[in-house]
Amino acid sequence: MERSESAGINPSVNGEQTSFQNAGTESFSASGDTSGAGTTESDTGIKGRVRNVASTVKDKASGLPSIIADGLEAGANALRQNRSSGAETTSGGSVALTNDSSIAAVTDTLATGMQSSADWIRDADMDKLKAGVEKQVKEHPARTLLVALGAGYLIGKALRR
């Protein structure tokens with residue numbers, strides 16, 4: 001038998017109870033009873049903590065669509081304000097060509113799209129959307145996988161720049 005004391009783990013066996021102490025900091029024990037009957041206090045404590053964390057994450061996730069919608073709306077308003085202000089230079093020293101009609105048209109289109117997206121996110125029924133995505137994945141798993149891979153590739157390319 002190999003000695004585990006050199007690794008800092010000291011096993012001790014007392015009847016059917018086995019305990020391990022890791023360099024004096026943590027101890028683990030295993031009982032010879034493998035029936036699995038009943039849960040210990042630590043099991044219910046862990047389950048309670050997991051439930052608390054899960055409910056906190058769920059609460060924060062439920063507010064996420066409104067945060068995204070607010071950000072899109074603020075971005076659209078900022079684009080419209082910058083276009084209408086007529087400022088020639090920005091704080092970073094770059095030049096804004098607000099007099100060019102094609103740039104004004106693109107800015108308007110982008111701001112309108114951002115506003116539409118914000119409105120759609122606010123009005124969307126997330127449960128219905130989730131059900132639709134689940135149905136799509138179940139009916140067409142290969143196509144869904146290809147779309148996910150393509151989107152991941154494009155996002156990766158965009159973030160690398």
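A distance of 11.0 Å separates CG in L149 from CG in L154, rounded to the nearest 0.5 Å. Atom CD1 of I67 sits about 12.5 Å away from atom CG of L72, to the nearest 0.5 Å. Between the CG atom in L64 and the CG atom in D59 there is a gap of 13.0 Å [rounded to 0.5 Å]. Going from atom CD of E134 over to atom NZ of K138 covers 6.0 Å, rounded to the nearest 0.5 Å. Distance check: R80 CZ to T107 OG1 gives 11.0 Å after rounding to the nearest 0.5 Å. Taking CG from N77 and CE from M114, the interatomic distance works out to 9.0 Å, rounded to the nearest 0.5 Å.
Hydrophobic clustering (side-chain heavy atoms under 4.5 Å, transitive across Ile, Leu, Val, Met, Phe, Trp, Tyr) keeps I103 apart from L79.
Pairs of residues two or more places apart, or lying in two chains, that qualify as side chain to side chain donor-acceptor pair (under 3.5 Å) and include a residue from residues 116-127 are D70-R122, E73-R122, Q115-D119.
Contact record, A111 with A76: O-CB, 3.4 Å, taken as the closest heavy-atom pair. Closest heavy-atom contact between A118 and A69: CB-O, 3.4 Å.
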